[in-house]
Protein chains: 2
Amino acid sequence: MTDVAVVRLPDESRQLEELRRRGIPRLALVAPHAPPFTPVDLLEDWVRLPAAPADVRSRVLALAGRADESLERRPELTDDRLLRYGRWWVALAPADARLMAPLVDRFGSVVGRGELAKAGWPDGLPSRNSLDVQLGRLRRRLKGSGLTLHTVRSRGCALAQGN
Amino acid sequence: MTDVAVVRLPDESRQLEELRRRGIPRLALVAPHAPPFTPVDLLEDWVRLPAAPADVRSRVLALAGRADESLERRPELTDDRLLRYGRWWVALAPADARLMAPLVDRFGSVVGRGELAKAGWPDGLPSRNSLDVQLGRLRRRLKGSGLTLHTVRSRGCALAQGN
DNA sequence: CCCACTGTTTCGTGGTCGTGAACCGGGTGC
DNA sequence: GCACCCGGTTCACGACCACGAAACAGTGGG
């Protein structure tokens, strides 16, 4: 089961930022006289101190459960070139859609550059680095989606969840 | 904004059941010595008593926000050419209504230009780009509705929520 | 008669995609 | 330690084309 981070506020707000950036589920323990907390997403919760250990444990478990659910989300690419991921979506350009197809198909694992080239340009790459350029453009499109296109040096690319 | 119900546990667990059944967002105020609470869905939260009013208010607001987000509204097009979306509405011109029909029908996914043309002008397009012009007028009518007519280049259009 | 509706044209703009080049970090051989 | 290269990233440019907006005109209903 996914780990949940616990931070004390307002002391550890730096760490909170970091956890948010990395998409890790987190529980804030808010000091007695600090202002109420406002979660920024569904992977965040808070309790007012002092809190019973059982209460904290309960919230941590709830967060872990939520995180596991959200991990099961998979992107989907329709033949109208709509890429959906949760409630987020974009319309992909034709080239981007062809490239994205095998990546979505094998979501979370590595797709070789050769295979990507084949998918994007069935009759040969037009130029030496057109694949890289196109991958760059694809990456830009995924901004704010919760999806990331990771590169595995000399192996290929992998589409995965994360920012 | 959506209303949030507040119940006291364990006293009012009957009411809690009812609220869950009806899908209303709810905050449980849990008595000091009652066991920790486990939310059953995302429209549920809890706080241990005694709790500061500000804390309760903060959680109620968070729940209301979540409820609004998760609210999935669909537009509706009546026979007398009224397009409704939530509490917003417009009267559409005949041509706009014919165009809008398939878009509303397949809300959130792409409708091909061919299909749109067929819907708007059953016996052939009067001119090369009259479809584009009409789509433009339609867009203008949707201003401020919370609906947007997105174009998927060389595929068609998709009606979706957003501004 | 006026005004909403709709067809038509023209022109602008913004997305798409190939291409060349600069850049950069890590690894390798000397 | 140093130069070098390899794999990858990013930029800017330009051609092409689908689409969008504005402006104008004809028409028909209230």
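Protein chains get the first letters and strands the later ones, always in sequence-line order, with residue 1 at the start of each.
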### Task
Look at the side-chain N and O atoms of A:Trp121 and state whether any lies under 4.0 Å from the OP1 or OP2 oxygen of C:dC17.
no
### Summary
Atom CG of B:Leu149 and atom C1' of D:dA21 are separated, to the nearest Å, by 15 Å
### Message
Looking at B:Arg113 and B:Asp132, is there a salt bridge between them, counting it only when a charged N and a carboxylate O are closer than 4.0 Å?
### Response
yes
### Message
Using a 4.0 Å heavy-atom cut-off, does B:Arg98 contact any base of the nucleic acid, only the sugar-phosphate backbone, or nothing at all?
### Response
nothing
#### Entry: Rounded interatomic separation in angstrom, taking CG from A:Leu138 and C1' from D:dG8
15 Å
### Query
Rounded to whole angstrom units, what separation is found between the CG atom of B:Asp123 and the P atom of C:dT6?
15 Å
### Summary
From CZ of A:Arg128 across to P of C:dT19 the rounded distance in Å is 13 Å
## Note on the structure
Comparing nearest nucleotides in DNA chain C, the 5'-proximal residue of the pair A:Ser127, A:Leu92 is A:Leu92
### Summary
Between CG of A:Leu125 and P of C:dT19 the distance, given in whole Å, is 10 Å
#### Entry: Pair A:Arg106 + A:Glu115: basic N to acidic O under 4.0 Å
yes
Please enumerate all protein N or O atoms sitting under 3.5 Å from an N or O of nucleotides 10-13 of chain D, with distances to 0.1 Å.
residue, atom, partner, partner atom, Å
D:dT10, O4, A:Asn129, ND2, 3.3

## Note on the structure
From CE of A:Met100 across to P of C:dC17 the rounded distance in Å is 14 Å
### Query
How close or far is atom C1' of D:dC19 from atom NE2 of B:His150, stated in whole angstroms?
16 Å
### Contact under 4.0 Å: B:Arg153 side-chain N or O vs C:dC17 OP1/OP2
no
### Task
May I ask you to verify if any side-chain N or O of A:Thr151 is less than 4.0 angstrom from the OP1 or OP2 atom of D:dT9?
yes
### Rounded distance (Å) that lies between atom P of D:dG20 and atom CG of B:Leu131
9 Å
### Message
Tell me whether the NZ or CZ atom of A:Arg59 lies within the 45° cone about the ring axis of B:Trp46 and under 6.0 Å from its centre.
### Response
yes
### Task
Identify, with sequence neighbours excluded, every residue that meets salt bridge (charged side-chain N to carboxylate O under 4.0 Å, His left out) alongside B:Arg21.
B:Glu18
### Query
Quick one: CG on A:Leu27 to CG on A:Leu19, what's the gap to the nearest 0.5 Å?
11.0 Å
### Query
Does B:Arg141 put a side-chain nitrogen or oxygen below 4.0 Å from OP1 or OP2 of C:dC5?
yes
#### Entry: Selection from D:dC17, C:dT6, C:dC17 that lies nearest to any side-chain heavy atom of B:Ala95
C:dT6
### Ion pair check, B:Arg26 and B:Asp41, cut-off under 4.0 Å
yes
### Message
Please determine whether a side-chain nitrogen of the Lys or Arg among B:Glu69 and B:Arg66 lies less than 4.0 Å from a carboxylate oxygen of the Asp or Glu.
### Response
no
### Query
What nucleic acid atoms does A:Arg81 come within less than 4.0 Å of, heavy atoms only: base, sugar-phosphate, or nothing?
nothing
